[in-house]
Structure formats: C-alpha cells, structure tokens
Amino acid sequence: MLNPLSHARSWRGMMRRTTGRRIVGVLGSDGAIFVRFNKGKLADRIFVAAPDSEGVAALRAFLSQDRKARVSLLVDVLEQHYREAHLPRLNPWDRRQVLGRKLRQTFDTGTVSTAVQVSRRALSTDTEGQGQNTLLLIGLPVDRELRAWSEAVLAARNPVEGMGLLPVEAHRLVRAVATTGAAHAVWEVLILRHRASGYRQIVFYNGDLVFTRLTPNMEAETPLEEEVDTVESEFRSTMSYLRRLSFTDADEIEVTLVVPSDIGENLSARRMRVREVSTLTPAKFAERLGLSGERYGDDNFCDTVIAEWFARQRWSQLSLEPPTVRRARIISFAPKPIGAVAAATLVAGTIYNGTLFLRLQDRTAALREAAAEHQRRQRQLGAMRDKLAAKNIDVEKFALSVRARSAMASASPLYARSVKGLANALPENMIVTRLQLGRTGTGSGQTALVVRARNAIGDDPATPQENLSVMGAAAGTIKATVRLLNPPADRPAMMSQYRQLTARLERRLRAYQVRLSSSPFQTGKDAKLAGAAGASAANGTDQSDKPVTGTFTISGPHDDAE
Amino acid sequence: MTRNELVNLVRRLAVPSGVLAIVLVVVGVATSMLYSRLGAINERLSDLERRNAQAIRTTQRLSDGLDFIRAHLGAYEDLRQAQFTAPHDRLAAGERIENIASRLSLASVRYTFRAKTAAVIPAKADDPKAKLEATPLTVKIQSAFDRRIFRFIDALGDALPGYVVLKGGSMSRAASPGLPKLDETATAASPPSIVKAELQLAWVRLNPSLGEDGDA
C-alpha cells in the first residue's frame with residue numbers, strides 16, 4: 001500500500017524510541033482519550049467525552065501539565081473514507097493534476113484527503129486495471145467535532161507533532177500480533193476495542209489496508225452476551241463484504257481481537273464464520289507490541305495501549321491533517337532547524353577555533369624559536385663585527401683594492417719578471433743584442449688595459465671573491481737575441497754555452513716556457529749547416545765570420561705557478 | 001497564517017534564534033580574535049624570519065670578508081706599501097726617474113707621461129665605487145750596458161707609487177758614429193757598445209674617490 005517514500009518512512013517509523021515527553025490523543029466518535037508520557041512512562045491520562053466547554057477546559061488543563069510535551073493526534077472517528085481507484089501511469093506533474101481532480105470528485109468539500117498507492121489490484125472493482133496504478137483514496141471530513149478537538153489542542157502552547165489515522169497506522173500493529181509472517185499473510189483482520197470510538201475492524205489483504213469499519217460502543221450496562229453477539233454479528237457482516245471482495249473459504253484469514261478476557265472467552269469462531277479467532281487482552285496486546293503489560297492489566301480498552309505504541313513511533317505512516325494542524329506542526333518544528341544550525345555552528349566553530357588555537361600555539365612556539373635564533377644571529381653578527389673592527393680594516397675597501405690589483409695583473413702580462421729573470425741568468429760573456437716584448441707603440445693600448453681590468457672585476461667589486469690570485473699575471477712573450485762574446489773555437493762548445501743559458505733560464509723562470517727559438521747553428525736535419533777548415537780558416541767556423549747569436553723565446557707565466 | 005499562529009511562531013523562534021545569534025556572535029568573536037592574533041604572530045614571525053635571513057646573509061658576508069682578509073692580508077699590505085691608491089704626481093715621478101738614471105749612470109733617459117685614462121668600477125656604474133687609472137709612460141734609454149737597463153726597469157717599479165706595468169718595449173744594440181764597432185771591441189772584459197731601449201709602461205693606481213684629485 002505504500003509508495004517508495006512511505007516505505008522509507010515506514011522503515012524509519014518502525015525504529016522505536018522512548019516516548020520522551022509526549023501526549024497522544026486518540027480521537028473517536030464517543031470522545032477522546034489523551035495520554036501523557038514522561039521519561040518512557042505513562043504519567044497521566046484523561047478521557048474527555050466531548051469537546052464542549054467543559055471538555056475543552058479539562059483538556060487544556062491536562063495539556064498544561066507539561067507544556068513542552070509534543071502532542072500527536074490519532075484519529076479513529078466514524079467518518080473516514082477509503083476508496084479504491086485506478087490511475088494511469090503519468091508523469092509526476094500530470095499525475096498530481098489528475099489525482100487532485102479525482103480526490104475532489106470523490107470527496108466532499110471540507111474533507112482533507114490524500115491517496116496512497118497499493119501494490120495489489122483493486123478488490124472493489126472487476127477491472128484488472130492493466131497498465132494502471134491502484135490507489136487508495138483516503139478522506140477525513142473535518143467536521144465540527146474534529147475541528148473543536150484540533151482547536152482545543154492548538155490553543156494550548158504545546159508543540160504539535162501532527163495527526164494520523166488509526167486504520168492507516170494499524171498496518172504496523174498487525175505485524176506485531178499476527179502469527180503468520182508478512183511473506184505468507186493473505187487476509188488479516190484486527191479488531192480493537194476503543195473507549196473513544198468503539199470496535200474498530202481493520203482488514204488487510206497481502207499487508208495492504210482493504211477497508212475498515214467502526215461499531216460504536218454499547219452502553220455500559222449492556223450484558224456480556226449481547227455485546228458478544230454484537231461483535232460476532234458485526235464481524236459476520238464484515239465477512240460478507242469480504243466475500244464480495246474476492247474472499248473465499250479457501251483463503252487464509254487470521255482474525256485477532258483485542259478485547260477483555262470475558263468477551264474474548266465467549267467469542268466463537270464458528271459463529272464468526274472463520275476457522276480460528278485469536279483474542280488478546282489489552283495487557284497481552286501491549287506485551288505483543290513490546291510494551292509493559294503490567295500497567296494495562298486492568299484495562300478493558302486498548303486506547304492507552306495504542307497511544308503508548310504510537311508515542312514510540314518515530315513517524316506516523318501517513319499525515320492527513322487539516323491545514324490548521326499542519327501549520328501548527330510546521331510552527332512547532334520551525335525551531336528545530338535553527339537549533340540544529342546553532343548546534344552545528346557551535347560544534348563546527350569549536351572545532352575550527354580549536355584548530356586555529358592549535359595553529360596559534362604552533363606559531364607562537366615558532367615565534368619563540370625565531371626570536372631565540374635572532375638573538376643568536378645578532379650575537380654572531382656582533383662577534384663577527386668585533387673581529388673585523390679588531391683588524392681595523394674596511395672590508396669593502398680591502399676587497400676593492402685587492403680585486404683591482406688582481407684584475408690589473410690578469411689583464412696585462414708582467415714582462416718585468418721574465419726580463420729580470422733573463423738579466424739574472426745571463427753570464428758575463430753573453431749580452432742581449434736585441435729584445436722585443438709585448439706590443440710597440442703608445443696610446444691605444446693604455447685604454448685597453450684599465451678597461452680590460454675593470455671588466456675583469458665584474459659588477460660587484462667590493463665583494464670578496466673566492467680563489468682570487470692577486471699577484472698573478474697574464475701570459476706574455478719576450479724574444480731576446482743573445483750574443484756570445486769571444487766564442488770558443490769549436491761550435492759544440494758554443495752550443496753548449498747556449499744550452500747552459502737555456503738551463504739557467506728554465507731554473508729561474510720555472511713558470512715560463514723557455515725555448516731557444518733560433519740557435520747559432522742550424523743543427524736540424526733539414527737546415528743548412530756550413531763549416532770550414534784548413535790552413536786559412538779556423539775549424540768549424542764558416543767563412544762569413546758572423547757574430548754568434550741565438551734567440552730565446554720566453555713565454556708565460558703558465559697557471560700562475562709563481 | 002492567523003495572528004495567533006504568527007505569535008506562536010515568533011514565540012517558538014525567539015529562543016532558538018537568540019541562541020543561534022549568541023552562538024554566531026561568540027563563535028565569530030572567538031574566530032576573529034584567534035585570526036587577529038594569528039595574523040599578528042605570523043607578521044612578527046615573517047619579520048623575524050626576514051631579519052634572521054638578513055643577519056645570516058650579513059654574517060656570511062662578513063665571514064667571507066674575514067676569510068678574504070685572512071687570505072689576502074699579505075697582498076693588501078703589499079698594496080699599501082706600494083701606495084696603490086696614492087695620487088699620481090708626475091713631477092715627482094719624473095724626478096725619481098731622473099734620479100734612477102743618474103744612479104745607474106745611464107747615458108740618456110727620455111721619458112714622456114701622457115694623459116691618464118680611467119675606467120670607473122664597476123662596469124655598470126649604477127653605484128660607482130672607484131676608478132682604475134693608468135698614466136701612459138714612454139721611456140727611451142741609451143746605455144753602455146744592457147744590464148743597467150734591466151736594473152732601471154727594476155728600480156722604476158720600486159720608485160713610483162702604485163704599479164708600473166711594462167706593457168711592451170724593445171732593446172737593441174747600435175753603434176753610434178763616434179764609438180768603436182761592436183766586433184772590434186767585443187770581449188768579455190771590455191764594455192760593449194751603446195744599447196738603446198724603448199719601453200712602453202702603464203703607471204696604474206686605484207683612485208677610491210670618483211672626482212679628480214691632485215695629479216701633477
């Protein structure tokens with residue numbers, strides 16, 4: 001009988017809870033019973049015969065006992081209508097339009113109505129309804145009495161939880177008392193005896209509500225046999241109706257009555273035209289529902305049991321309420337989201353601020369460490385400055401001077417070293433007849449030296465530079481022609497002199513490359529070597545009798561190896 | 001909605017709304033206080049980190065400076081003794097050259113100082129520190145002995161403040177008309193004939209001030 005949303009509500013509704021602070025009112029045609037619960041226990045109950053001034057006053061006084069208790073109404077009046085109908089499968093918008101029209105056509109004005117989809121075919125019609133949905137149209141006329149009860153409840157300041165219909169809610173009741181499991185049940189009848197309304201018969205087929213009827217209460221002085229007869233007779237009428245709804249004797253049917261033991265013992269299944277009837281006292285009924293049966297030991301009616309059971313349901317199966325009750329329900333629940341938001345804000349805010357606080361602590365610790373490090377660095381810096389001050393040297397000026405000197409040296413060969421080395425290596429019998437070093441000329445080369453040196457310094461001349469060679473020099477080459485004065489007679493001896501000079505130069509100028517680039521005699525195999533001998537000439541000399549000279553090429557320094 | 005329902009709604013919403021407002025205010029104030037404090041600490045921390053980084057860099061720079069000083073103190077002393085930053089006095093320098101020539105008994109020394117050239121340091125002169133100046137010097141020497149010319153070069157480097165760079169030059173032996181020829185008198189005992197040399201030098205200094213200062 002339930003649409004998918006109702007399935008979810010049904011499942012959640014079956015989740016039991018404690019009653020908390022609640023008041024459940026069972027409204028019937030013979031009055032109303034209001035039951036107040038507190039901390040899971042029945043705190044008080046009241047029967048109000050009619051919503052007249054006296055009844056309303058008593059009701060208000062009852063409700064004022066606990067203004068925070070939420071009020072739920074369970075309607076069990078005579079005037080409530082259930083009709084089966086078919087609806088073609090439509091899109092939600094059209095379905096809503098068609099359903100609304102059908103409800104207006106089915107029920108009179110002043111009736112609050114709704115529809116629920118059932119999973120079975122309609123029993124009250126012969127058509128199969130192929131390709132259509134079967135609906136149960138439910139209508140509750142808001143008559144003067146119901147309005148009076150509603151207004152009396154709304155006038156109190158108690159929060160309102162809503163209104164439901166007992167036959168619709170009984171879908172969950174029957175599962176508690178039936179012995180057949182839900183998967184195998186076919187026909188199930190639950191008959192409840194209510195003080196506020198009478199005997200309520202509720203018939204289910206395959207778990208879906210089929211129909212319900214109410215037999216008003218008999219007079220209090222009615223004899224037991226007469227009451228039993230009435231119950232049986234009313235049930236026989238019900239069975240006749242069921243047979244019109246395709247019930248056959250071959251069908252399984254389970255009948256459960258919740259009546260006092262005296263009535264129950266006198267009921268006859270045979271007279272009721274069924275194979276078997278099970279009866280429960282209100283106390284036993286309470287136990288089947290998981291409630292304490294002790295407090296209902298003396299009860300002859302099950303209004304209070306139903307009320308406690310309903311109080312423990314989280315949701316009603318179906319809310320069918322007049323607009324005033326619906327608005328009151330919404331108003332009652334309006335603070336909840338705000339409360340939830342406040343709680344969520346508080347929790348989220350606390351968590352967030354907690355993380356902020358932890359971050360704050362972390363940063364404070366980091367700040368302390370940074371401050372300690374700062375002090376340490378300042379001390380280090382002070383010590384460094386003291387060291388520098390002790391040397392009485394301006395670091396920038398120092399670096400500038402040293403780097404400038406280094407750059408100048410690297411930009412220009414220092415011929416003076418090689419010239420000095422040559423001068424010191426020459427023996428007395430050798431003279432330099434020609435010396436050539438660097439470039440000749442003036443003017444243009446001077447500019448190039450300081451510019452080259454300046455460019456070698458770079459963009460940050462006052463910064464100390466690693467691996468600086470201050471006294472190094474660029475490589476240069478000198479050529480010196482050396483003449484041997486008073487040469488010996490033989491040429492090997494002359495060459496030996498030049499070789500000795502070469503060796504001396506190499507010893508004095510270790511970082512330089514020394515080469516006798518032009519020797520006095522061409523001893524190479526490709527060169528021309530002339531000599532003479534005989535009576536008119538000294539051995540070994542050539543006939544031109546030229547001076548003995550050799551040219552040395554000295555280049556360096558190499559790798560600044562001074 | 002009727003008036004009673006409205007009153008009922010307001011009555012029901014009053015307390016939770018008040019609680020929500022209080023919660024929002026409390027949480028908001030606490031959050032803003034924490035944020036503000038966190039912001040202040042972050043700012044101080046950033047400042048300290050910046051200053052620490054600066055101190056590290058400065059310390060490193062000073063340490064590098066100290067290491068540099070230790071490594072090149074000798075060279076710096078040489079520079080100071082050589083008066084590397086002293087201004088060029090060409091008159092005084094000329095006098096020294098003449099003194100050297102007289103002391104070494106050189107036959108003839110002619111010297112020429114030309115206009116100095118300078119280069120501002122560093123090359124990208126956004127923040128010029130100093131100038132490297134070079135005064136070109138040409139010296140023409142005549143001497144009986146080549147060794148005296150070599151000694152002149154040595155003495156010149158020591159005599160002038162700053163540094164004298166021998167950039168180029170040539171030396172040759174030539175017999176003048178009035179002197180004996182090389183071949184006839186060239187023995188180990190007797191002095192050889194006239195030696196002529198021409199030297200191109202650069203007299204270099206570091207000028208720590210960027211303006212002109214009293215070079216003569």
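Every value quoted in this text rests on a predicted model; they were computed, and no experiment measured them. Order of the sequence lines fixes the chain letters, A, B, ..., with proteins taken first and strands second; residue numbering starts at 1 for each chain.
- Side chains of R57(B) and Q54(B): a donor on one and an acceptor on the other come within 3.5 Å.
- Aromatic pair Y163(B)/W203(B): ring centres not closer than 6.0 Å.
- When each of T31(B), V15(B), L199(B) is checked for heavy-atom pairs under 4.5 Å with chain A, T31(B) comes out on top.
- In terms of modelled atom types and a separation under 3.5 Å, the side chain of S406(A) and the main chain of V402(A) share no donor-acceptor contact.
- If you tally non-hydrogen atom pairs under 4.5 Å between each of K420(A), Q378(A), R376(A) and chain B, the highest count goes to K420(A).
- Per-residue heavy-atom pair counts under 4.5 Å with chain B were compared for G339(A), S332(A), A348(A), and the maximum is reached by S332(A).
- In terms of modelled atom types and a separation under 3.5 Å, the side chain of S17(B) and the main chain of A14(B) share no donor-acceptor contact.
- Contacts of L73(B) with chain A are made by both backbone and side-chain atoms, with heavy-atom separations under 4.5 Å.
- Looking at D154(B), the atoms closer than 4.5 Å to chain A (heavy atoms on both sides) all sit in the side chain, from C-beta outward.
- With chain B as the partner, the residue from I457(A), T481(A), L400(A) showing the most heavy-atom pairs under 4.5 Å is L400(A).
- Between the side chains of N8(B) and R157(A), not a single donor N or O lies within less than 3.5 Å of an accepting N or O.
- Using a 4.5 Å cut-off between heavy atoms, R363(A) contacts chain B through both its backbone and its side chain.
- In terms of heavy-atom pairs under 4.5 angstrom with chain B, the leader among R434(A), K479(A), R385(A) is R434(A).
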Next item on the list: Test T138(B) against R114(B) for side-chain hydrogen bond (donor to acceptor under 3.5 Å, both in side chains), laying out the working first.
Entry: CA-CA 8 Å; T138(B) 308; R114(B) 287 190 169 73; 3.1 Å; yes
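- Here R359(A) is the residue among M430(A), R359(A), K397(A), E396(A) with the most heavy-atom pairs under 4.5 Å with chain B.
- Between chain A and the residues L132(B), L62(B), V204(B), V27(B), the most heavy-atom pairs under 4.5 angstrom are made by L62(B).
- When atom types are taken as modelled, the side chain of R454(A) and the backbone of V120(B) share a donor-acceptor pair closer than 3.5 angstrom.
- Only the side chain of R11(B) comes within contact range of chain A, with at least one heavy atom under 4.5 Å from a heavy atom of that chain.
- Heavy-atom distances place the side chain of L206(B), and not its backbone, under 4.5 Å from chain A.
- Heavy atoms of P159(A) lying under 4.5 Å from chain B belong to its backbone as well as its side chain.
- Under the 3.5 Å distance criterion, the side-chain polar atoms of R329(A) are left unmatched by any main-chain donor or acceptor of V160(A).
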Notebook entry, point to check: Stepwise, does the side-chain hydrogen bond (donor to acceptor under 3.5 Å, both in side chains) test hold for H88(B) with R205(B)?
Noted result: CA-CA 8 Å; H88(B) 284 174; R205(B) 71 171 276 231; 5.0 Å; no
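- Between the side chain of Q375(A) and the backbone N or O of A372(A), no donor-acceptor pair lies under 3.5 Å.
- For chain B, the nearby parts of L426(A) are the backbone and the side chain; heavy atoms of each come within less than 4.5 Å.
- Contacts of L45(B) with chain A are made by both backbone and side-chain atoms, with heavy-atom separations under 4.5 Å.
- Remark: side-chain polar atoms of N52(B) are paired, donor with acceptor, to backbone N or O of A370(A) under 3.5 angstrom.
- Using a 4.5 Å cut-off between heavy atoms, A21(B) makes no contact with chain A at all.
- In terms of heavy-atom pairs under 4.5 Å with chain A, the best-connected choice from L48(B), I22(B), N4(B) is L48(B).
- Per-residue counts of heavy-atom pairs under 4.5 Å with chain A were compared for I153(B), V19(B), T58(B); the largest is that of T58(B).
- Counting only heavy atoms from C-beta outward, the side chains of R452(A) and N455(A) never approach each other to under 4.5 Å.
- Looking at R147(B), only its side chain comes within 4.5 Å of chain A, counting heavy atoms on both sides.
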